Amino acid sequence: MRSLSFKLTLAFLIVGVAGAALVAIIIGVRTRAEFNTFVDTQLHVEMVDALANYYEENSGWQDVSTFIHKDSAFRLHDARLILLDTNNTVLYGFGPDNDGKPYPGDRIPPGLPVEVDGKAVGTFILQPDNKTESYTPPEVYSPEEDFLRNVNTAALASAGIAGLFALALGSLLARNLTKPIRELTAVTQTMADGKLGQQVEVRTKDEIGELATSFNQMSHDLADASRQRKQMTADIAHDLRTPLTVLRGYTEGLKKGSLPGSEKLFTIMHEEVILLQHLVEDLRTLSLADAGELTLNKRAIDPKALLERTGLAYIMQAEEKGLQLRVEAPANLPAIFVDGERMTQVLNNLVSNALRYTNSGEIVLSGTAVSDEIELRITDSGVGIAADELPHIFNRFYRADQSRHRTVDSTSGLGLAIAKAIVEAHEGKITAVSTPGEGTTFIISLPRYVRNNES
Ligand code: ATP
Ligand code: MG
């Protein structure tokens, strides 16, 4: 009901109805007035004729008041009648006492001459009454034409007024309706000039309101993406610099001969190179995922086997830390349609994270079927993640402990971002729940394998 089309229809309706009503009112009022004038004019002319006849028959005005009193047409309008002779002496009109006296007022109102044989013998005035306040006798006697002309003029005038009114009302409504669009346009221009993150006020719940809401969301996301990109460039530079500085120091020492080459030294240098290679590989994986070009060799895979393979790879490390590592999955779990290597990469990262942040207890890799999906869970009994950090852990280069950098324990902070990208490329979802001090669970939901997936 609050849609823009509804508002527009309503606006058109208001303008149309208001215009039509205005025309109807003006024409109604004008026609009534014109009609009364028309009736008065005719009455006036008829009375003048009757008076001229009387004058002719009686060769003068004697006893004209008796004549006027007797005639029903005159009597009906008695209070409005004034008859003057050629000297403006009152013959009738101000009560019997005034008859024969000069016209008592200053200005004689317009009347019609009473003519006999082409000679004026008096003036007959029909004063306006409350129905015809504006009645003045016509110069030329053609009441029908006057009436039609006046009504036409009134129709034209009312059409003009209604048009102006519709214009004013229409432009007011149009301005109101388009105001949010103008605001949006102005803000998009500001954004085009490079000022990201602009917001507009959401005033309505119609389509424009929805547009404003999605614009605000888009603007926010855009600003966020821009900030993340800058942050990422800074992070990459930082993470590249540390191993490069180490390598440069060592190679310079070796070149100058100040540093003797030893197995230990070469091992450190080799590790740094591996770190750099990992970082570059991780970045490449992410950029491929961003571009939607992550190639996936999907096959139907038993989730239990996948979990067991990952469990086996980390069982030694777990034992070294005195942790239990278990795989819990029913034997008949439906298959998932995934790239086994990529999924293993995801699970490896989750399990190595779990190992890193768990000092006692156990790590459980479990698989369950939930309606159309298969859920893989990696649960640890480790330090957990604080609630304010949880929303950020899938961000690139995010490390909960910001001071810890890859040189300390060879992490890049890209693991979860890559895991998310890979899972999403499989049309799946990855989430984390955590209770600080008690442990963390990562949940991967993947669509269950259906045979025609392979086509
Ligand atoms: P990388 O995996 O690239 O070597 P990383 O492990 O630091 O580096 P992620 O795997 O993306 O990066 O993890 C991001 C951050 O999330 C970690 O630095 C850590 O703070 C937090 N985190 C991840 N898994 C856990 C966990 N199981 N328990 C507690 N904190 C975790
Ligand atoms: Mg990790």
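We count residues from 1, following the sequence as given. Remember, it's 1-based here, ligands and their atoms both numbered in the order they're listed. Note that the structure is predicted; figures quoted are calculated from it, not measured.
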Mind checking whether Y398 contacts ligand 1 via backbone (N, CA, C, O), side chain (CB onward), both or neither, at a 4.0 Å heavy-atom cut-off?
-> backbone

Result of checking L307, L312, L306 against R309 for side-chain contact (heavy atoms from CB on, under 4.5 Å) | L306

Ionic contact status for K429 with E424, cut-off 4.0 Å = no

G413 heavy atoms within 4.0 Å reach ligand 1 at atoms 1 (P), 3 (O), 5 (P), 7 (O), 8 (O), 11 (O), 12 (O)

Backbone N or O of P334 within a donor-acceptor pair of the Y449 side chain at under 3.5 Å?
-> no

Going by the order shown, which atoms of ligand 1 are within less than 4.0 Å of some heavy atom of F442?
-> 24 (N), 27 (N)

The atoms of ligand 1 lying under 4.0 Å from a heavy atom of G384, numbered in the order shown, are 29 (C)

Between the candidates I385, L275, T379, D380, which shows the shortest non-hydrogen contact distance to atom 27 (N) of ligand 1?
-> D380

For the pair N150 (side chain) and E34 (backbone), establish whether a donor and an acceptor sit closer than 3.5 Å, ignoring hydrogens and angles.
-> no

Ligand 1 to V383 polar contact by distance, N or O atoms, under 3.5 Å | no

N349 OD1 to N353 OD1 via the Mg ion (ligand 2), rounded to 10°, gives 110°

Within the distance-only criterion (no hydrogens, no angle test), does the side chain of H426 pair as donor or acceptor with the backbone N or O of R342 below 3.5 angstrom?
-> no

State the atoms of ligand 1, each with its element, that fall below the 4.0 Å cut-off from a heavy-atom position in T440.
-> 28 (N)

R356 neighbourhood, listing ligand 1 atoms whose heavy-atom distance to it stays under 4.0 Å = 5 (P), 6 (O), 7 (O)

In terms of side-chain geometry, is the basic nitrogen of D206 or K7 positioned less than 4.0 Å from the acidic oxygen of its partner?
-> yes

Between F394 and F442, what is the ring plane arrangement, given parallel below 30°, perpendicular above 60°, and tilted in between?
-> perpendicular

Say whether F394 and ligand 1 are in contact under the criterion: heavy-atom distance to a ligand atom below 4.0 Å.
-> no

Side chain, backbone, both or neither: the part of I418 lying under 4.0 Å from ligand 1 by heavy atom = neither

Pull out every atom of ligand 1 sitting under 4.0 Å from any heavy atom of I393, numbered as shown with elements.
-> 14 (C), 16 (O)

Separation between CD1 of I268 and OG of S262, rounded to the nearest 0.5 Å = 7.5 Å

In ligand 1, which numbered atoms sit nearer than 4.0 Å to a non-hydrogen atom of N349?
-> 2 (O), 10 (O)

Checking T37 side chain against A33 main chain: does a donor-acceptor pair fall under 3.5 Å?
-> yes

